[in-house]
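Just below is one structure, and these are the notes that go with it.
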Amino acid sequence: MIDAKSLKPGSLVIHGGQSVEPVTGAVVPPIFTSATYAQSSPGEHKGFEYTRSHNPTRYALERLLATLEGSEITLDEDPSLGGFAFSSGLAAMATCLELVEHGARIVASDDLYGGSRRQLSMVRERTQGLEVVYVDMTDLDAFAQAMTPATAMVWVETPTNPMMKIIDLEEVTRIARAASENVLLVCDNTFATPFSQRPFDLGFDVAMHSTTKYINGHSDVVGGALIAKTTPLAEQLRFLQNAIGSVMAPFDASQTLRGAKTLGIRMERHTENATELARFLEAHPRVESVIYPGLDNHPQVDLVKRQMRLAGGMITFCIDGGLAEARRFAESVRIFQLAESLGAVESLVNHPAIMTHASVPAATRDKLGIGDNLLRLSVGIESIEDLVADVEQALESIN
Ligand SMILES: *Cc1c(COP(=O)(O)O)cnc(C)c1O
């Protein structure tokens with residue numbers, strides 16, 4: 001295995017945690033579908049007993065994600081370097097929430113992915129007795145007030161979805177650790193990706209991903225991941241991954257690993273395209289406002305520059321008008337597909353109030369600013385001229 005610390009990010013996404021297959025020398029990890037592994041004598045095996053517990057194809061992906069996030073766990077300490085892959089992002093979240101006890105207090109950002117909020121509020125508050133406090137974490141005073149010595153976990157997503165607010169991870173760490181000694185800091189790093197933002201470097205304990213999005217990048221596998229910063233946490237997550245069992249299948253791990261290897265060039269292109277499209281939208285008379293972390297008018301532009309290497313491919317904008325105009329835009333685009341999800345090579349448009357964030361109560365949506373004229377673009381890696389032309393004709397069609 002090549003020493004990850006010696007590699008620049010563009011090489012790390014290809015070689016991080018990877019090694020040739022020892023029996024055949026295969027450069028790409030084969031898809032090991034075997035559910036079980038032969039033992040030479042009871043309890044004597046080659047480190048593999050049963051695929052829920054260990055699978056070489058899944059390990060390859062898990063090791064790549066762990067090195068990308070900057071884990072310093074060694075193979076002797078954990079066979080997948082502290083990376084764990086799951087059947088979906090929400091399965092990863094569900095497993096992560098098992099790190100805290102029944103009745104635990106969690107402080108979460110108020111602008112979470114709709115499904116994450118649904119799991120917290122509509123499932124775990126009931127079944128795990130969690131006390132979840134939502135707070136606008138861009139307001140660090142409000143966050144400090146929400147923190148108590150008994151808070152067991154902080155759950156952050158940045159940039160937030162769909163309002164593209166940036167949460168200062170370093171400050172969250174400082175405030176959280178001052179308030180609560182044993183608090184676990186978890187960052188859903190799906191939007192930024194570890195190619196752009198590394199929560200461990202800023203003091204976080206766990207990075208979570210929906211690998212369905214940028215990591216896989218091709219809209220053809222649903223998956224999730226957790227990465228632990230320390231060996232004791234990796235031990236706990238290894239136990240929970242096996243005990244709960246919502247693991248990623250070997251075929252999905254192979255597909256996701258293939259996708260992940262182009263994460264670097266994709267993120268660069270997503271960012272280039274989104275920057276140009278955001279500027280175009282900003283100047284268009286039928287657009288009321290544009291929120292993109294790569295624009296100089298983003299309210300937290302200095303923090304963006306400090307915390308993120310790349311601004312990414314997500315743009316949120318408000319169309320001049322209401323639901324009817326937003327609907328017409330979404331129906332009129334031709335290259336952009338109207339679909340949930342994000343982070344893939346093809347461009348998508350989403351109407352959060354009706355689609356991804358429908359499970360967020362209307363009053364909360366209003367408070368967050370997710371109005372009926374708000375649209376979210378996941379800008380793909382197509383030729384930018386085509387994307388601009390598509391958005392332009394769709395904006396003209398709403399007149
Ligand atoms: C999609 C998404 C999830 C949920 O992941 P699934 O793979 O759909 O289960 C969680 N967080 C964020 C930020 C997401 O975009």
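One-based numbering, in listed order, for ligands and for the atoms of each. Bear in mind that the values here come from a model prediction, so they are computed numbers and not experimental data.
- In terms of protein heavy atoms, atom 14 (C) of ligand 1 is closest to K213 NZ, 2.9 Å.
- In this structure, R238 forms no cation-pi arrangement with F84, as its terminal cationic atom is not both closer than 6.0 Å to the ring centre and no more than 45° off the ring axis.
- Each of the atoms 7 (O) of ligand 1 lies under 4.0 Å from some heavy atom of T212.
- Distances shorter than 4.0 angstrom occur between a heavy atom of S116 and an atom of ligand 1.
- If you check which protein heavy atom lies closest to atom 6 (P) of ligand 1, you get G89 N, 3.3 Å.
- Between the N373 side chain and the C318 main chain, no donor and acceptor come within less than 3.5 Å of each other.
- In this structure the side chain of I315 never reaches within 4.5 angstrom of the side chain of I291, judged on heavy atoms.
- If you run side-chain contact (heavy atoms from CB on, under 4.5 Å) between V156 and each of L112, L169, V107, T173, only L169 comes through.
- In this structure, the protein non-hydrogen atom closest to atom 4 (C) of ligand 1 is Y113 CE2, 3.4 Å.
- Within the 4.0 Å heavy-atom criterion, the part of E157 lying near ligand 1 is the side chain and not the backbone.
- With hydrogens and angles disregarded, a donor-acceptor distance shorter than 3.5 Å links the side chain of T67 to the backbone of R63.
- No heavy atom of A91 sits closer than 4.0 Å to any atom of ligand 1.
- Taking every non-hydrogen atom of G223 and a distance limit under 4.0 Å, the qualifying atoms of ligand 1 come out as 7 (O).
- Protein heavy atom in closest approach to atom 12 (C) of ligand 1: D188 OD2, 3.4 Å.
- The atoms of ligand 1 that sit less than 4.0 Å from any heavy atom of S88 are 7 (O), 9 (O).
- Ring geometry for F48 versus Y59: interplanar angle of 30 to 60°, hence tilted.
- The aromatic rings of F329 and F317 stand perpendicular to each other, their planes meeting at an angle above 60°, with 30° marking the opposite boundary.
- With ligand atoms numbered from 1 in the order given, ligand 1 contributes 4 (C), 5 (O), 6 (P), 9 (O) to contacts under 4.0 Å with heavy atoms of L90.
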